[in-house]
Amino acid sequence: MNTAYREEPAAASCARCGWPTSEGAVLSTHHTSEGWVRYRRCACGSVAIEVVQLDDRRTVHA
């Protein structure tokens, strides 16, 4: 397992229904200059966008 990209547990929740975004299905993950962009689909159907930054291994939710 490559631990360089391991993220901390996300504390964010869906803006539409309040469900934890970390429990959503991962639709896709893409490498960018900032780290990784991950798209997750919530149980309610909305899509969350996460940026996993490589420098401090934290997740930013958009």
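Nothing fancy with the numbering, it's 1 onward along the sequence. From a predicted model like this one, the values you see are computed outputs, not experimental measurements.
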Q.
Taking E23's backbone N and O only, do any of them form a donor-acceptor pair with R40's side chain (distance below 3.5 Å, no angle check)?
A. no
Q. Who pairs with S46 by side chain to side chain contact (heavy atoms under 4.5 Å, CB included), at least two apart in sequence or on another chain?
A. C14, R16, C42, C44
**Q.** With S28 via side chain to side chain donor-acceptor pair (under 3.5 Å) - residues at least two apart
**A.** H30
